[in-house]
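Reading through the structure tokens given below for one structure.
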Amino acid sequence: MIINHPLLGPRDSAEFVVLGDACLIDRPDGMNATFEELHDYAYVRDNPAGEHRELWYHEQGDRSWLVVTRSTLTHEVIKVDLARDVARARGRSR
Amino acid sequence: MRYSALRILKEGLTGNRGWQPAWREPEPKPEYDIVIIGGGGHGLSTAYYLAKEFGERKVAVLEKGWLGSGNVGRNTTIIRSNYLLEGNQPFYEFSLKLWEGLEQDFNYNAMVSQRGILNLCHSDPQRDAFVRRGNAMRLSGADSVILGPDEVRRMCPYLDHESARFPITGALWQPRGGTVRHDAVAWGYARGADQRGVDIIQNCEVTGFDIRDGRCLGVETAKGPIKARKVAMCVAGSSSRVAALAGMRLPIESHVLQAFVSEGLKPVLPGVITFGAGHFYVSQSDKGGLVFGGDIDGYNTYAQRGNLPVVEDVCEGGMAIMPMIGRARLLRMWGGVMDMSMDGSPFIDRTHVEGLYLNAGWCYGGFKATPASGYCYAHLLATGQSHETARSFRLDRFRLGAMIDEKGVGAQPNLH
Ligand SMILES: Cc1cc2nc3c(=O)[nH]c(=O)nc-3n(C[C@H](O)[C@H](O)[C@H](O)COP(=O)(O)OP(=O)(O)OC[C@H]3O[C@@H](n4cnc5c(N)ncnc54)[C@H](O)[C@@H]3O)c2cc1C
């Protein structure tokens, strides 16, 4: 798989490590979240067959976090964003 | 029809005209007591034990494709009971004991071959960890032997014992571990279940559930609706997809594991060998091919194929520990999609829907579990109680803080 890095251009997937579903960006507030919210955040996944948004870390590159939208049926990479931009757009400041 | 040496002789002398298909191809009935979704190793062994040990008469197995099209026909056939944790080890030892009597039990040659499994270690701390694991294995009644470097050298002279980076400092050896002809396991269980009245229905994908007032009353399938008192999911790498049809989200991600086979070679490997400093394991099939594999690819996928970086990683592991493998030519490679669970351990449990049960999360190690998984699932379905060796495989264990995390890496499926 080739990951189209928004800053560096096409990079081999071997340079990255995968964390998992991009929903991990939306961490519940530990001081206010319910038990169920924290449990689901930590342990439960949609795991869809088809389009999946996921967090990739460019460990052997510029060490940026990316949100890669990819098909889990064909491995086609559909879209790549900087995770920073995605998180900011979702109202997370850091 | 019973298979035996006498039967082969008799058929051989009479033109082999008496052989019959090993199982029927029935059309689904409108209703069953128990419907099992998924005709892989676990689904078929569940049906077999339900009929044989628990006297269930009206059972069906619904398989989307053909028997053996999933991971039961894609794995690298290793069986062992060399786990550390109490939630796992007694279960896997129970499974190994079932393997030991399986061929006589279901009257089918599954080529169960206890040629031993050798886990190499490369440092003192790793050897200490293996000693601890070996002791845990013995506590469950399994066998384990700690070998020193000289013994490993005698057993496998062709390994790179003196590697500067990863010298072999010893090994954990389980003589009762080994390999089994994987397809024959599916076929043997299918035949045994069929003989006891189980309907095995191929090309019959389950497309939905009939759930009313929190109760599962049956399934929708490619061959029409089927009613059932109990419905048992058993679909290995597709668990999240099938459970989603019942409105469930699981603590599972689907990942691909690749496997490789070389051209046929003369006998060289006595048993299974695993590299302790990288992801590589190898055995030799009875046809002579070196069967090997390594790590999962690490990203969510339902495509039954992997990518080249892992191929390279596996080959590097092979070259690091067994340099002579570089002379062998690769014949075939393939991939299979598995449930990777949040703690690397499986589930055999009921669900929040009454009458709906789940068997899932077997990661890359579910083949060895096939007999015990079926037995324990059948126990749960028939008696309503978990089998004593499978009590820890609860679906709510993350809520309870009762994870079974052999590797201790936490809720990160691609690291298990
Ligand atoms: C490359 C590779 C190597 C492995 N090596 C080993 C090993 O050496 N040792 C070991 O112990 N384990 C190993 N494993 C793991 C092991 O193969 C699996 O954990 C185990 O086979 C899973 O159980 P199963 O046999 O029931 O799965 P499967 O054979 O995959 O059965 C599941 C079945 O469900 C069917 N299904 C899916 N959806 C539906 C639906 N909607 N309706 C009806 N049917 C459906 C599928 O078609 C499939 O036939 C390996 C796995 C892979 C991929």
Side-chain angles (χ1 to χ4, degrees), chain A residues 1-5 10-24 26-28 30 33-61 65-80 83, chain B residues 235 237-245 247-256 295-313 316 335 337-343 345 347 360-361 394-403 405 410-416:
Chain A
M1 282 182 290
I2 301 293
I3 308 296
N4 251 316
H5 193 300
R11 311 296 306 196
D12 193 301
S13 66
E15 295 174 7
F16 296 81
V17 289
V18 187
L19 184 71
D21 194 318
C23 71
L24 289 168
D26 300 319
R27 181 165 55 211
T34 64
F35 179 87
E36 280 310 304
E37 281 168 353
L38 283 170
H39 169 268
D40 289 0
Y41 172 81
Y43 298 114
V44 183
R45 300 287 181 267
D46 283 338
N47 193 22
E51 218 170 281
H52 190 226
R53 295 173 74 236
E54 45 204 31
L55 283 166
W56 288 57
Y57 178 56
H58 200 192
E59 189 181 43
Q60 291 175 47
W65 282 94
L66 307 180
V67 172
V68 177
T69 308
R70 209 176 47 91
S71 166
T72 60
L73 289 168
T74 62
H75 296 167
E76 183 199 354
V77 176
I78 299 157
K79 194 160 169 260
V80 183
Chain B
V235 292
S238 305
S239 297
S240 295
R241 291 174 86 171
V242 173
L245 300 172
M248 295 171 65
R249 293 172 77 224
L250 299 178
I252 284 175
E253 288 178 1
S254 296
H255 286 263
V256 64
D295 204 0
I296 60 175
D297 272 44
Y299 44 81
N300 284 44
T301 177
Y302 286 95
Q304 293 190 100
R305 58 190 155 76
N307 273 291
L308 288 173
V310 166
V311 178
E312 190 179 9
D313 184 66
E316 281 170 2
V337 176
M338 308 152 316
D339 293 349
M340 292 301 297
S341 67
M342 283 288 163
D343 59 358
S345 293
F347 307 99
R394 305 170 61 118
L395 186 53
D396 64 356
R397 64 175 177 264
F398 303 101
R399 279 196 172 76
L400 305 174
M403 295 73 144
D405 189 344
Q412 188 63 43
N414 59 5
L415 295 183
H416 284 294

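The sequence lines fix the lettering, A, B, ..., with proteins before strands; numbering per chain opens at 1. Computed from a prediction, not measured in an experiment: that's the story for all the values here.
Within the 4.5 angstrom heavy-atom criterion, no atom of B:Met340 approaches chain A. For A:Ala49, the parts lying near chain B are the backbone and the side chain together; criterion is any non-hydrogen pair under 4.5 Å. Of the two parts of A:Leu38, neither the backbone nor the side chain holds a non-hydrogen atom closer than 4.5 Å to a non-hydrogen atom of chain B. In this structure, chain B has no heavy atom under 4.5 Å from any part of A:Ser71. For chain B, no part of A:Phe16 is nearby; none of its heavy atoms comes within less than 4.5 Å. Residue contact with chain A, scored on non-hydrogen atoms closer than 4.5 Å, involves the backbone of B:Leu250 exclusively.
Shown here for B:Ser240 and A:Asn47, the closest heavy-atom pair between the two residues is OG-ND2, 2.7 Å. Shortest non-hydrogen contact noted between B:Arg305 and A:Leu73 is NH2-O, 4.3 Å. Annotation for B:Pro309 and A:Asp12: closest pair CG-OD1, 4.0 Å, computed over non-hydrogen atoms. Annotation for A:Val18 and B:Gln412: closest pair O-NE2, 3.8 Å, computed over non-hydrogen atoms.
Between chain B and the residues A:Asp21, A:Val44, A:Val68, the largest count of heavy-atom pairs under 4.5 Å involves A:Val44. Considering only heavy-atom pairs separated by less than 4.5 Å from chain A, the leading option among B:Val310, B:Ile252, B:Leu308, B:Val337 is B:Ile252. Among B:Glu312, B:Met248, B:Arg241, B:Glu253, the residue making the largest number of heavy-atom pairs under 4.5 Å with chain A is B:Glu253.
At a threshold of 4.5 Å between non-hydrogen side-chain atoms, the residues B:Arg397 and A:Tyr43 do not count as touching.
To the nearest 0.5 Å, the span separating CG on A:Asp40 from CZ on B:Arg249 amounts to 6.0 Å. Rounded to the nearest 0.5 Å, atoms NE2 (A:His39) and CG (B:Leu400) are 8.5 Å apart. Taking NE2 of A:His52 as the reference point, atom OG of B:Ser254 lies at 9.5 Å (rounded to 0.5 Å).
Environment of CD in A:Glu51: sparse, with no more than 12 heavy atoms of neighbouring residues, nucleotides or ligands closer than 6.0 Å.
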For the pair A:Thr72 and B:Asn300, evaluate side chain to side chain donor-acceptor pair (under 3.5 Å) and give the outcome as yes or no after the intermediate values. CA-CA 6 Å; A:Thr72 60; B:Asn300 284 44; over 6 Å; no
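A distance below 6.0 Å separates the ring centres of A:His75 and B:Tyr299.
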